[in-house]
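Everything on this sheet refers to the single structure shown next.
Each chain gets a letter, A, B and so on, in the order the sequences are listed, and its residues count up from 1.
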There are 2 protein chains.
Amino acid sequence: MAIVDDMVCFSLYSASRATTRAYTELLAPWQLTYTQYLVLVALWSEGDKPVREIGEMLQLDSGTLSPLLRRLEQKDFIERQRDDQDSRVVNVRLTPAGVSLRKELAHIPAQIACGTGLSDMENAKELLASLHRITASMQQIPAPDQASGQ
Amino acid sequence: MAIVDDMVCFSLYSASRATTRAYTELLAPWQLTYTQYLVLVALWSEGDKPVREIGEMLQLDSGTLSPLLRRLEQKDFIERQRDDQDSRVVNVRLTPAGVSLRKELAHIPAQIACGTGLSDMENAKELLASLHRITASMQQIPAPDQASGQ
DNA sequence: CGCAATTCAATTGTGCGCAACTTAAATTAT
DNA sequence: ATAATTTAAGTTGCGCACAATTGAATTGCG
């Protein structure tokens with residue numbers, strides 16, 4: 001059983017890397033990474049957002065997001081501005097170029113859909129459920145405790 | 001359908017990161033990363049191997065493996081030696097410390113098993129099949145071609 | 001009000017993942 | 001035999017993931 005679980009983890013890791021590579025190839029003409037694409041998807045679907053909310057959506061901290069957003073800003077797809085009310089907050093806003101990129105990249109989900117090799121929706125639902133269950137329960141594993149050797 | 005596939009990819013990415021974090025926590029007392037652990041698992045189960053074969057097993061290239069193996073060597077878990085017959089090849093061998101680490105880390109798969117939240121073996125099998133299918137078909141997505149827009 | 005605790009973003013540092021390139025050795029072809 | 005090709009491992013460079021720290025702003029509590 002334990003061996004199977006190690007296999008599940010490795011398969012997860014392999015599948016995730018294969019997926020990232022696929023997105024990277026599709027996004028290459030725009031010089032975008034998969035994570036940068038995820039941020040753009042979040043902004044397209046949810047509108048402008050502060051850094052903290054983007055981080056909550058994608059489960060990324062400022063150590064990842066700050067330099068990533070700087071690069072998206074350099075490419076002129078987003079702008080960052082300190083909030084007027086609370087100047088700790090930095091609001092992220094799509095530029096016109098960032099907005100119009102949505103149509104340019106509209107072909108990507110369909111190409112990825114082929115890549116999932118998921119024939120029917122029923123399989124996809126089960127897979128999603130399994131992945132969500134794993135994500136949730138992996139987060140339960142506690143930091144190793146000096147006292148409880150085991 | 002396309003949106004679901006984007007969701008599958010993101011869920012994959014999230015589950016994979018959650019899993020890596022879980023391993024990282026469990027491996028923290030030994031200062032090992034998940035990828036370093038994978039290399040050790042490969043050596044424990046298959047015996048000594050040249051770098052190229054480790055790379056084939058884990059789908060990692062020398063750009064990742066060379067520095068990783070250097071760090072495992074510095075921790076005295078492995079040794080590297082140029083092959084006598086073919087001096088392009090570098091053979092990786094477990095040290096006594098690397099061998100005995102296997103027992104020390106024997107508790108980890110069981111703890112990860114809890115983390116997968118997979119109740120029965122049947123679910124695990126289906127999940128494995130889905131992940132392998134995704135890995136295989138994602139590798140089919142071709143590099144974007146200048147000529148064929150779309 | 002005044003100060004401690006909290007929150008938010010950025011920075012620093014480490015290691016992985018991967019593309020591109022280098023170097024050296026072995027293989028193949030001529 | 002030697003030139004061309006291929007193979008193996010290493011190096012460089014970039015971006016992400018994440019822990020730890022910093023600094024500034026805000027909130028909360030006495």
Can you name the side-chain contact (heavy atoms from CB on, under 4.5 Å) partners of D48(B), sequence neighbours left out?
R93(B)
To the nearest angstrom, how far is L27(A) atom CG from dA19(C) atom P?
14 Å
Parallel, tilted or perpendicular, as decided by the 30° and 60° cut-offs, for the rings of W44(B) and Y37(B)
perpendicular
I want to verify a distance call: between dA9(C), dC18(D), dC18(C), whose nearest atom is closest to the R17(A) side chain?
dC18(C)
Main chain of A97(B), side chain of S100(B): is a donor-acceptor contact present, judged purely on distance under 3.5 Å?
yes
Taking side-chain contact (heavy atoms from CB on, under 4.5 Å) as the definition, give me every residue that meets it alongside T64(B), ordered by chain and number, with sequence neighbours left out.
L60(B), D61(B)
Which of residues 56-67 of chain A have a heavy atom under 4.0 Å from DNA chain C?
S62(A), G63(A), S66(A)
salt_bridge(E56(A), R52(A)) N-O dist < 4.0 Å
yes
With nearest nucleotides of DNA chain D determined for E53(B) and R71(A) from heavy-atom distances, which residue corresponds to the more 5′ nucleotide?
E53(B)
Exceeds 12 heavy-atom contacts within 6.0 angstrom, atom CD of Q81(A)
no
Just by modelled atom types, is the R88(B) backbone N or O under 3.5 Å from a matching donor or acceptor in the R82(B) side chain?
yes
Find which nucleotide of DNA chain C each of K75(B) and R21(A) is nearest to by heavy atoms, and output the residue with the more 5' nucleotide.
K75(B)
What is the distance, to the nearest angstrom, from the CD atom on E25(A) to the C1' atom on dG17(C)?
14 Å
Send over the distance from I54(B) CD1 to dA9(D) C1', rounded to a whole Å.
12 Å
Using whole Å, what does the distance between atom C1' of nucleotide dG15(D) and atom CG of L32(A) come to?
13 Å
Between dA17(D) and Y13(B), is there an OP1 or OP2 to side-chain N/O distance shorter than 4.0 Å?
yes
Please state how far atom CG in L69(B) lies from atom P in dA9(D), giving the value in whole angstrom units.
10 Å
Expected output is a numbered-order residue list: members of residues 36-52 of chain B with a heavy atom under 4.0 Å from any atom of DNA chain C. What is it?
Q36(B)
Of residues 79-86 of chain B, the positions that come close to DNA chain C - non-hydrogen atoms, cut-off under 4.0 Å:
Q85(B), D86(B)
Atom CG of L40(B) and atom OG1 of T35(B): how far apart are they, to the nearest 0.5 Å?
11.0 Å
Counting C-beta onward and ignoring hydrogens, is there a side-chain heavy-atom pair between L32(B) and K75(B) closer than 4.5 Å?
yes
So does L65(B) get a backbone contact from the side chain of S62(B), meaning a donor-acceptor N/O pair under 3.5 Å?
no
By nearest-nucleotide position on DNA chain C, the 5'-leaning member of A18(A) and N91(A) is N91(A)
Whichever of T35(A) and R88(B) has the more 5' nearest nucleotide on DNA chain D, that residue is R88(B)
Quick one: does K49(A)'s side chain get under 4.5 Å of V92(A)'s, heavy atoms only?
no
Got a sec, which residues hit side-chain contact (heavy atoms from CB on, under 4.5 Å) with Q74(B), two or more places apart in sequence or on another chain?
R70(B), R71(B)
note: L68(A), atom CG; dA10(C), atom P; distance rounded to Å ~ 12 Å
